[in-house]
Amino acid sequence: QVQLVESGGGLVQAGGSLRLSCATSERAFSNYGIGWFRQAPGKEREFVASTSWTGRRTEYSESVKGRVTLSRDSAKNTVYLEMNSLKPEDTAVYYCAASARVTLDYVPVGDYEYLYWGQGIQVTVSS
């Protein structure tokens, strides 16, 4: 079983920034790819960002590209999602997830490709 723990969410004004963290075990960090998804009220869960298992490739959704940066800290077994220039439409519950699709530089972007999910954390952007 892989445990993923998100932190760093909260309430921020439009234009502000937040950094979300996803902490996991060393074993999980080394053997799974970690990605971020979000789900707004009344909407389906959508892909936000993910990186290949090698860390060499990162993909972002068009809705966040240029405003969001995903990074990995192997010393802390943590994946970060730095979000800037936040908009009210970024309001959602954000989830990190672990994928076993660890083939070289492949970046899994479909939620069906992820086996384990964190509990989710709320991000609210006020206008």
Could you give the distance from CG (L70) to OG (S50), rounded to the nearest 0.5 Å?
-> 7.0 Å
Among all residues two or more places apart in sequence or in another chain, which pass the side-chain hydrogen bond (donor to acceptor under 3.5 Å, both in side chains) test with Q13?
-> none
Got a sec, which residues hit side-chain hydrogen bond (donor to acceptor under 3.5 Å, both in side chains) with Q3, two or more places apart in sequence or on another chain?
-> none
Salt bridge (Lys or Arg N to Asp or Glu O under 4.0 Å) against E59, all qualifying residues, sequence neighbours excluded | R57
Checking side-chain contact (heavy atoms from CB on, under 4.5 Å) for the pair M83/V12: CA distance, chi angles, key distance, verdict?
-> CA-CA 11 Å; M83 303 189 293; V12 64; over 6 Å; no
Do E89 and T91 meet the criterion of a side-chain donor-acceptor pair at a distance under 3.5 Å?
-> no
With sequence neighbours excluded, give me every ring pair (Phe, Tyr, Trp, His ring centres under 6.0 Å) pair touching residues 72-96.
-> none
According to the salt bridge (Lys or Arg N to Asp or Glu O under 4.0 Å) rule, which pairs have a member within residues 114-127, sequence neighbours left out?
-> none
Which residue pairs pass the ring pair (Phe, Tyr, Trp, His ring centres under 6.0 Å) test with at least one member in residues 14-51, sequence neighbours excluded?
-> Y32-Y116, F37-F47, F37-Y114, F37-W117
Measuring from L4:CG to C96:SG, what's the distance to the nearest 0.5 Å?
-> 4.5 Å
Residues pairing under salt bridge (Lys or Arg N to Asp or Glu O under 4.0 Å) where one sits in residues 118-127, two or more places apart or in two chains, turn out to be none
Any pair with a residue in residues 40-54 that passes salt bridge (Lys or Arg N to Asp or Glu O under 4.0 Å), sequence neighbours left out, goes on the list, sorted by first then second residue, please.
-> R38-E46, R45-D111
Point-to-point distance, once rounded to the nearest 0.5 Å, from CG of L18 to CG of L86 | 5.5 Å
Listed by chain and number, what are the side-chain hydrogen bond (donor to acceptor under 3.5 Å, both in side chains) partners of Q119, not counting sequence neighbours?
-> E6
Partners meeting side-chain hydrogen bond (donor to acceptor under 3.5 Å, both in side chains) with N84 (sequence neighbours left out) | S17
Sorted by chain and number, sequence neighbours left out, salt bridge (Lys or Arg N to Asp or Glu O under 4.0 Å) with R72 holds for none
Partners of D105 by salt bridge (Lys or Arg N to Asp or Glu O under 4.0 Å), sequence neighbours excluded?
-> R56
V68 and L81: CA distance, side-chain angles, deciding distance, side-chain contact (heavy atoms from CB on, under 4.5 Å) verdict = CA-CA 7 Å; V68 166; L81 190 71; 3.3 Å; yes
Side-chain heavy atoms under 4.5 angstrom apart, residues restricted to Ile, Leu, Val, Met, Phe, Trp, Tyr: same cluster for V123 and L11?
-> no
